[in-house]
Amino acid sequence: MNLLDFARGPGLQGALAIFLFGMTWRLAGILLLRRKTDFSVARTGDWWFGAFRLIVQRSLPRREFASATGYPLALSYLFHIGLVIILFGLNQHILLLRTYTGISWSNLPSGLVNLAAAVTAAAMVALLIRRLSHPVLRLISNFDDYFSWLVAFLPVATGMLAVAHLGGRYENLLAIHILSAELLLVWFPFGKLMHASLIFLSRGTSGALLTRKGAAI
Amino acid sequence: MSETLEQNLRSHGISRRAFLKYCTTLASLLALPPSAATAMAAALGKAQRPSVIWLSFQECTGCTESLTRSNSPSLEDLIFNSISLDYHETLQAAAGTAAEQARENAMREHYGKYILLVDGSIPLGHGGAYSTVAGVSNLDTLKKVAAGAAAVVAVGTCSSFGGLPMANPNPTGAVAVSDIITDKPVINVPGCPPIPVVITGMVAHFLTFGALPETDLHKRPKVFYGDTIHDRCYRRPFYDQGKFARTFDDEGARNGWCLYELGCKGPITYNSCATLKWNEGTSFPIQSGHGCLGCSEPGFWDKGSFYQPLSASTWHDIPALAIAAGAGVAVGAVAAVVSRHRQDSTSQSPTNGEK
Amino acid sequence: MSSLAGIAVSVVAAPALPSGNAHAVLHEILTMLGQLADGQPGGAIDLRGLPLNNADFAILRDQLGRGEVSASVQAAGRLEILETAIPGVWWHTHYTHDGDIITEIIEITRFPDILASQHADISDGLSRLQQQLGKASGAKEESHV
Amino acid sequence: MSTLESEHPLTLDTPRLTVKAPLQRYDKQGDLSDGQRVEQAMRHFVRDFGATAATWMEACIHCGQCADACHYYVQTGEAKYTPIWKLEPFKQAYKRESGPFAPIYRALGLKKPVTAAELESWQELIYDSCTLCGRCSLICPMGIDIARLISLARHGMAKAGLVPHELWAVAERAKREGSPLGATAKVFRERCEWLADEHNTPIHVDLPRADILVSMSSIEIMKYPDSIVATARVLNHLGLSWTFRTDGYEATNFGMLAGNADWQKDSSLKLVNAAIACGAHTLILPECGHAYGALRWQGANMYGKPLPFRVLHISEFLAEQVQNGSLRLKPLQKSVTFHDPCQVSRRGGATRAPRDVLNALGTDLHEMTPTGDVNWCCGGGGGVVTIHRADSLRYKVFQNKMRQVDDANAELLVSSCSNCRQTFDDGQAHFHWDKTMLSLLELVSDQLIDTTATTGSQGESA
């Protein structure tokens, strides 16, 4: 069994198993903690609407904060949208997802995906530079922040190399790319990448609680 | 047997000019500069007509078919006709004891100088009993004949890497030639079957330079296995544009779009099919609308469906993943219960902080 | 090839843009031609060994053009040798017996060697002619007798 | 406790200008060892942890945007004032003690236990430089309610005896005397009697039955007694059945601000029980921000079941009366800017109420920039105004507020929080500023169309 065979077979299966195991572990570990009943009289009864509202509304900053958060937010959006384009637009990825979901859809032109990858990588590098240079970010950053960045950046970088056939034999480039994605899957539930699912929980929770009070969300 | 290759050719009515043309083509095939053609012609012309012994083990004769199926004179039968094929079970007229005797004679006469070509894998199970010729196991035959060979060419994927006989669960314990012969230059010419000119190219190269050409990590000659099918595929621009055939009969297939989605293994298969093509350069699998199976790569027989796209996983056990998710919930629940318990125990501890 | 036409598959060649390699080849030709002009040996370029697509070939044909000499050799299949519009630059095309191109070479020389009669073939021809003449004169002598 | 008080005499009643900047120090209460303090802090912090707080703790992506919402960071540029950083040791504690991977962290020692030194140095971040204003909770892209988490962190700090001394002493005095500023039941009753005489306004105290129980902030009782009169005037004007009660009048809750859950409960239950005792259907909270949060949103949870009466902030009550037409006001032809008390507006959900009242007053409202839900904190909330060593930092932050008020370019500056008012007054004196903050309630009281103000209705008759 060569590296590629491992990556496509047991590697992927194992990484997915760890991913799902870790995800459900972490979510159950959070959600099954105690919840206290709030006896105060709610100002409005639409807590679920509030949860939904904050989830949607917080996707863009309030006007008052826009100038302070505009640059990092724009970069973050760039690379998140880029990741979505790459993940769901490249045919090779669609074919992989089809293996698990049974559904497939039309792929995007490669030129667009390649552009998205380049933009994504550039935005991620810019965000890393910001993290390394901004005093606040430097203070609050920990291993998780840097490692999660690396783990998210590697699949993009190795994917671009594989597409361009640069830096080695294609089967090795492809294997490394798949392995890097597996590393991402394995790390995902244990680090801050988990925000992809926690963002809904956290925003929803605040949205519900604050709306209950009629407070600002 | 002291006749040179050129003498032999001339006796077959092949002109020097035609020979020069062959050498030019050969040099081009072997990725040598055009100026090397003249030198090759000189070296090959003076070469002794070589003795070649061809051993067939667990194989399907497809490799021999590939080599002999040319229906008009070509470079491969030029070389093939000029060699002294002293032993080839399928092609030789002699049979039984006489055939074995011919091989013994050739080995004795050209000991240390003959070229050994092998097709088929070697079964090791049950003492090699799965395949024997004249009561001798393939393993013993190979060892004995290889001992006196100047070079060994493993023809086809079975002799190069084990091939289909080695497929899971490998009932005969099949192995490749290079698993057994470790003290001699062995070159692999894999493919199921290999491209005929590649086989003769190896012989020609050995005759010209007295050595086998440079090889890659799988002992394949780099000149023929240096690029992937994908690298040289005429459908590559479609891949680059993201245009894929989704089924064998859709619009994409009719338009000749990339066959990646239909399981083409071209991107990870190193061979010259896309440039040399088959049947005197007529076509190759992708050109006829079917993806590459990856037949010149080790283990191609055991890598899942030929129609599974390269990027798709080869192992997706959904129930096992569901179990993993369930186990996660269970572990998370235990963690939450432990945390609750720890919270409870702290609430009973003395609160002497406030005094 | 003709049998493929019966199958409802129309293989459309992907539109290829020039790779830029044609110009590299042209510059190499320029260098070799300069050497030839200085009385040094020229050289040859194996076009098959280079990553050239159809567009690149079109550029080469366009730039080099057709010259005064064209020769056709029948030896193990056809061999066409054309002098391009640039004297000293020769374009060899080797065909198989079935008429497919197997090798394409650009040679920079005053005269391609392969067009010259080869010594071995000359001696073969000599003896063949001698044989024929011997045969013919023998027959004459016999008639004389 | 008397020794403590003599060691660190409280100077809350004196103007701040007389106070020399104290040396930076870390206050401790009790005689726990360092190890015990850490243990207490962590365990009690974790004790209050439910799924909600855990969700927030887990969600942070360290984007640092909260810094831009925090007046401490914006005014100083010091990275340590980044709101989420203020929780760092508690994040660590959470991960070690309650997170989903806590058993792994503990078993492998991946998260170090927090040290006493760390906790001490975090005291400044948890108390001195956080007013619990909740502005950061609005900017967080993950929707984390950081202010709520800081409150939880204070629980741990209080249990560990690591509260800034003045804040602790204030809370302790409130628990002991019923008021943080010496406004004991006796003092309150005497003040009410004196004020009723002085202003010729009936002020009901300790009526056995009343529809409305009104509470006061000690800050008002001691520093702004006109508020008591204004409250009485408005309620009398409306002809409602109301009363103050000496068994439940103090609305501030310094126990909550200090992080002492027991004292918080103690304070809240006094008000709850008093309201129940007089059969009130409404409890009116005074012009005090944190009092609103304490009773409106946490009161029922202290009580353990839903409260049998409504809880309204005075501005909400006024707005309601404006809306139903009971409150008749003379127009005030002036331009006004309104400072939003964080706990009432942003955190409490009553952002509109004071504006409705100002509108009814016929004022020309010049909103600050930003305003309403995103208005800047004055820097005195969350108990910060009591902490002397935080004064210089508080003044820095207050300059932001001054700029905002000046830019609004209005004749009057109004708010409805006596804690903010105290902060503004102190800032005004410190910077010799020309703006004086007015109370919304007092403004309303001054503009009443006075027909029945002096008669009032009798509590018993309602």
Side-chain angles (χ1 to χ4, degrees), chain A residues 1-2 4-34 89-102 104 106-114 162-163 165 169-175 177-178 189, chain B residues 216-218 226-228 230-231 236-244 246 258 260-263 265-270 294 297-299 302-304 308-318 320-340 343-344:
Chain A
M1 178 176 288
N2 62 29
L4 182 59
D5 295 337
F6 173 79
R8 291 177 66 202
L12 195 52
Q13 172 76 11
L16 270 173
I18 294 172
F19 170 76
L20 288 170
F21 175 70
M23 287 279 281
T24 48
W25 173 359
R26 188 157 174 191
L27 287 176
I30 296 168
L31 294 174
L32 294 178
L33 286 173
R34 246 185 220 97
L90 188 72
N91 203 40
Q92 286 86 324
H93 295 161
I94 298 172
L95 296 177
L96 173 64
L97 295 170
R98 189 177 71 182
T99 325
Y100 294 96
T101 62
S104 67
S106 297
N107 61 296
L108 294 172
S110 302
L112 181 63
V113 178
N114 292 343
V163 164
H165 286 217
R169 290 168 77 92
Y170 181 74
E171 68 270 29
N172 294 334
L173 292 174
L174 182 62
H177 173 61
I178 297 175
Chain B
D216 71 359
L217 76 166
H218 294 306
D227 294 321
T228 63
H230 185 67
D231 285 335
R236 175 68 184 271
F238 290 119
Y239 172 89
D240 290 339
Q241 290 162 19
K243 290 180 174 171
F244 300 94
R246 314 249 178 241
C258 178
Y260 188 94
E261 188 164 340
L262 293 167
K265 303 297 182 292
I268 57 161
T269 304
Y270 292 80
E297 290 298 313
D302 270 344
K303 294 192 176 178
Q308 180 89 322
L310 193 55
S311 65
S313 69
T314 54
W315 181 4
H316 39 274
D317 186 345
I318 306 289
L321 293 179
I323 290 170
V329 173
V331 173
V334 170
V337 168
V338 169
S339 293
R340 284 179 174 214
Q343 287 175 331
D344 292 343

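So that the names make sense, note that chain A is the first sequence line, chain B the second, and so on, each numbered from 1. Because the structure is predicted, anything quoted here is derived from the model rather than measured.
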Among His177(A), Met23(A), Arg98(A), single out the residue with the greatest number of heavy-atom pairs under 4.5 Å to chain B. Arg98(A)
Applying salt bridge (Lys or Arg N to Asp or Glu O under 4.0 Å) as the test, list every pair that has at least one member in residues 4-14 of chain A; sequence neighbours left out. Asp5(A)-Lys303(B)
As an exercise: rank Gly29(A), Ser110(A), Gly111(A) by heavy-atom pairs under 4.5 Å with chain B and give me the winner. Ser110(A)
Pick whichever of Leu32(A), Val163(A), Val113(A) has the most heavy-atom pairs under 4.5 Å with chain B. Leu32(A)
Please rank His93(A), Arg169(A), Glu171(A) by heavy-atom pairs under 4.5 Å with chain B and give me the top one. Arg169(A)
Would you check, one step at a time, whether the test side-chain contact (heavy atoms from CB on, under 4.5 Å) holds for Leu321(B) with Tyr100(A)? CA-CA 11 Å; Leu321(B) 293 179; Tyr100(A) 294 96; 4.2 Å; yes
Considering only heavy atoms, which portion of Asp227(B) lies under 4.5 Å from any heavy atom of chain A: side chain, backbone, both, or neither? neither
Contact leader toward chain A among Val334(B), Val338(B), Val331(B), where contacts are heavy-atom pairs under 4.5 Å: Val331(B)
Does the side chain of Asp317(B) come under 3.5 Å of the side chain of Gln13(A) through a donor N or O and an acceptor N or O? no
For chain A, which of Tyr270(B), Tyr260(B), Phe244(B) has the most heavy-atom pairs under 4.5 Å? Tyr270(B)
Please report the interatomic distance OG(Ser311(B)) to CG(Leu90(A)), rounded to the nearest 0.5 Å. 8.0 Å
Quick check on Leu97(A) against chain B: is it the side chain, the backbone, both or neither that has a heavy atom closer than 4.5 Å? neither
Could you check whether any side-chain heavy atom of Glu261(B) comes within less than 4.5 Å of a side-chain heavy atom of Asn107(A), counting everything from C-beta outward? no
Residue Pro189(A) versus chain B: region with a heavy atom under 4.5 Å: neither
Once you round to the nearest 0.5 Å, how far does CD1 of Ile318(B) lie from OG1 of Thr99(A)? 9.0 Å
Working to the nearest 0.5 angstrom, can you tell me the gap between Ile178(A) CD1 and Leu310(B) CG? 7.0 Å
Using non-hydrogen atoms and a 4.5 Å limit, figure out which bit of Ile323(B) sits close to chain A: side chain, backbone, both or neither. neither
I need the residue from Ala320(B), Ala335(B), Pro309(B) with the largest number of non-hydrogen atom pairs under 4.5 Å to chain A. Pro309(B)
If one checks every heavy atom of His165(A) against chain B at 4.5 Å, the contacting part turns out to be side chain
Which atoms of Arg26(A) approach chain B - backbone, side chain, both or neither, heavy atom under 4.5 Å: neither
Kindly give the heavy-atom pair with the smallest separation between Val329(B) and Thr24(A), and that separation in Å. N-OG1, 3.5 Å
Could you tell me if the side chain of Tyr170(A) sits less than 4.5 Å from the side chain of Asp231(B), heavy atoms only? no
Would you mind checking which part of Leu174(A) comes under 4.5 Å of any heavy atom in chain B, side chain (CB onward), backbone (N, CA, C, O), both or neither? side chain
Side chain, backbone, both or neither: which part of Leu12(A) has an atom under 4.5 Å from a heavy atom of chain B? side chain
Nearest heavy-atom approach of Ala333(B) to Ala28(A) is N-CB, 4.1 Å
Non-hydrogen atoms of chain B under 4.5 Å away: do they reach the side chain of Asn2(A), the backbone, both or neither? side chain
Scored by heavy-atom pairs under 4.5 Å with chain B, the best of Ile94(A), Leu20(A), Leu95(A), Asn114(A) is Leu95(A)
Calculate, to the nearest 0.5 Å, the distance between atoms CG and CG belonging to Asn172(A) and Leu217(B) respectively. 8.0 Å
